[in-house]
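Okay, so here's the structure we're looking at.
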Amino acid sequence: MTKTGPKTHLIILAAGNGTRMVSKKPKVMHDIAGLPLLGHVLKAAQALSINVTADMTVVLAPAMKDVADFATSVVDTVRIAYQREQLGTAHAVSCALEGLPLQDDDSVIVLFGDTPLIQTQTIAAVNELLLSSSPTGIVVVGMTPPDSNAYGRLVCDSTGKVLKIVEFKHANAAEKAITFCNSGIMAFQVSCLQKVLPDIKAQNANGEYYLTDAIEAAYKHGFEVQTLKVPFEEVEGVNTQQDLAQGEARYQKRRRLEFMDLGCTMVAPETVYLSHDTVIEPGVTLEPHLFFGPQVTLKSGVCVKAFSHIEGAVIEENATVGPFARLRPGTTIGKEARIGNFVEVKNSIFSVGAKANHLSYVGDATVGAKANIGAGTITCNYDGYFKHKTEIGEGAFIGSNSCLVAPVTIGKNAIIGAASTITKAVGDDELAVARAPQKAFAGKAKQIHETKLKLKKQRVA
Ligand code: UD1
Ligand code: MG
């Protein structure tokens with residue numbers, strides 16, 4: 001076989017049961033910012049292949065077919081390896097290596113599906129350290145968690161060289177007191193990994209093969225081990241629902257800081273919830289208490305006012321949305337358009353400068369440039385079976401409290417009288433009024449007041 005130069009094999013371990021999550025869903029399918037944990041790791045790993053020749057394997061349990069589908073939906077070239085029994089992290093790596101074409105000078109980087117905040121630059125740094133400091137056989141990514149918790153301890157000699165890793169549950173008191181911990185991420189030279197894996201024995205306590213035991217085995221074979229320390233925030237593992245919430249908080253904080261650095265003004269950043277795929281251009285202003293679901297793009301000059309809930313929407317330059325607005329999937333809000341309080345928009349397009357400022361539902365509609373939708377307007381888009389379209393021409397004025405019963409078309413510059421129920425097409429420049437004519441009864445109000453007052457007095461007496 002022709003030699004092709006060193007390659008990086010990324011292995012993502014995700015076959016664990018995740019019992020500590022107390023959930024029916026596999027642990028790695030729990031979301032952070034709307035994307036499963038595994039998706040975050042896949043994306044970080046995939047970005048490495050821009051600069052490095054790499055392939056990617058995800059290790060799953062045989063029952064995790066949905067997870068396999070998800071993984072291939074994120075990275076279509078990903079290889080799936082199945083681990084029949086969850087016999088530990090070292091065993092999972094062995095399963096990944098089966099059938100993988102390896103060369104001695106290749107590197108293998110092990111990532112965990114439950115460590116979602118890992119960044120591409122860290123994976124690259126680990127790889128570089130491994131490749132640049134031969135004869136290093138292993139690089140371990142270490143961190144210092146803020147409080148004493150269940151991570152594996154990196155036991156070092158007086159020079160700081162890591163000698164072995166002891167899992168928290170097997171550690172003695174002195175080892176538990178060590179604050180330098182294993183993040184789980186490790187890089188191996190293939191020649192080293194192939195020597196150490198067969199040396200790893202099952203733990204007496206639980207029969208699992210620990211990848212962490214590779215460190216001691218590496219020394220036996222004359223390989224060096226190096227550590228790379230990274231901030232805990234980047235490599236915090238998710239093992240419980242509390243960890244998941246913590247990971248979400250850390251991810252949100254990271255993204256908010258990134259967007260602020262790119263010129264987004266956030267009045268109260270800690271109250272803005274972003275999705276993993278939110279796009280915010282420079283020059284956007286975000287007021288407090290906002291939720292962004294999947295697939296939202298905010299273009300320059302947009303202002304989103306407090307307490308708005310937005311998903312599946314593109315908001316074009318200088319548009320204003322909120323306060324208390326709800327934008328649902330399929331929505332485009334055009335340049336300089338305005339969506340005000342208690343307005344819900346679904347699968348609709350507002351053209352340049354169009355407005356719906358108060359208390360409306362606009363669904364399956366197109367709204368022409370500078371059209372004005374009055375307070376309380378409802379597009380009646382659903383007949384109980386099918387959805388229908390409403391087309392509102394540019395410059396049209398829809399009077400307050402109107403019902404537009406779809407399918408229906410309102411022409412350019414048309415005017416709809418307030419409280420109309422429109423069931424037929426309205427032409428360009430037409431005025432349409434569709435409500436019961438007003439009747440007047442002179443003196444009738446006075447008579448009603450007098451009768452009622454008399455009745456009230458009788459009842460009180
Ligand atoms: C592991 C490390 C620990 C480290 C911590 C960091 C080992 C033995 N322990 O502990 O030193 O401080 O991560 O977060 O490596 N998995 C499989 N197959 C298995 C077992 C696990 O694929 O048979 C996967 C899991 O899905 C998970 C990852 O490996 O994504 C780590 O397993 P987990 O059980 O979470 O290990 P920790 O107890 O967190
Ligand atoms: Mg874990």
Between Tyr273 and Phe291, how do the two ring planes meet: parallel, tilted or perpendicular, split at 30° and 60°?
parallel
Tell me, yes or no, whether the heavy-atom count around Lys346 atom NZ, taken from other residues, nucleotides or ligands under 6.0 Å, exceeds 12.
yes
Is Lys299 salt-bridged to Glu316, cutoff N-O under 4.0 Å?
yes
I'd like to know if the side chain of Arg256 and the backbone of Ala268 have a donor-acceptor N/O pair within less than 3.5 Å.
no
Rounded at 0.5 Å granularity, tell me how far CD1 in Ile80 sits from NZ in Lys65.
10.0 Å
Charged N-O contact under 4.0 Å between Lys27 and Asp114:
yes
Interatomic spacing from CD1 in Ile349 to OG1 in Thr331 - rounded to 0.5 Å
9.0 Å
Scan His170, His91, Glu167 and name whichever one has a side chain to side chain donor-acceptor pair (under 3.5 Å) with Tyr210.
His170
Give a yes or no on whether the backbone of Leu197 and the side-chain of Tyr209 come within a donor-acceptor separation of less than 3.5 Å.
no
Just to verify, which of Val362, Ile378, Ile392, Thr423 counts as forming a side chain to side chain contact (heavy atoms under 4.5 Å, CB included) with Leu404?
Ile392
Give me the one residue out of Val225, Thr212, Val126 that meets side chain to side chain contact (heavy atoms under 4.5 Å, CB included) with Val140.
Val225
Between Phe307 and His289, what is the ring plane arrangement, given parallel below 30°, perpendicular above 60°, and tilted in between?
parallel
Under 3.5 Å: donor-acceptor pair, side chain of Asn17, backbone of Thr19
no
The single option from Asp105, Asp104, Val190 that satisfies side chain to side chain contact (heavy atoms under 4.5 Å, CB included) with Pro6 is Asp105
Do other residues, nucleotides or ligands put more than 12 heavy atoms under 6.0 Å from the CD atom of Gln295?
no
Has Lys389 got more than 12 heavy atoms of other residues, nucleotides or ligands less than 6.0 Å from its NZ?
yes
Pairing of Lys7 and Asp55 as salt bridge, 4.0 angstrom limit
yes
Quick check on Glu258: does its CD atom have over 12 non-hydrogen neighbours (other residues, nucleotides or ligands) under 6.0 Å away?
yes
Check whether more than 12 heavy atoms from other residues, nucleotides or ligands sit under 6.0 Å from atom CZ of Phe180, and answer yes or no.
yes
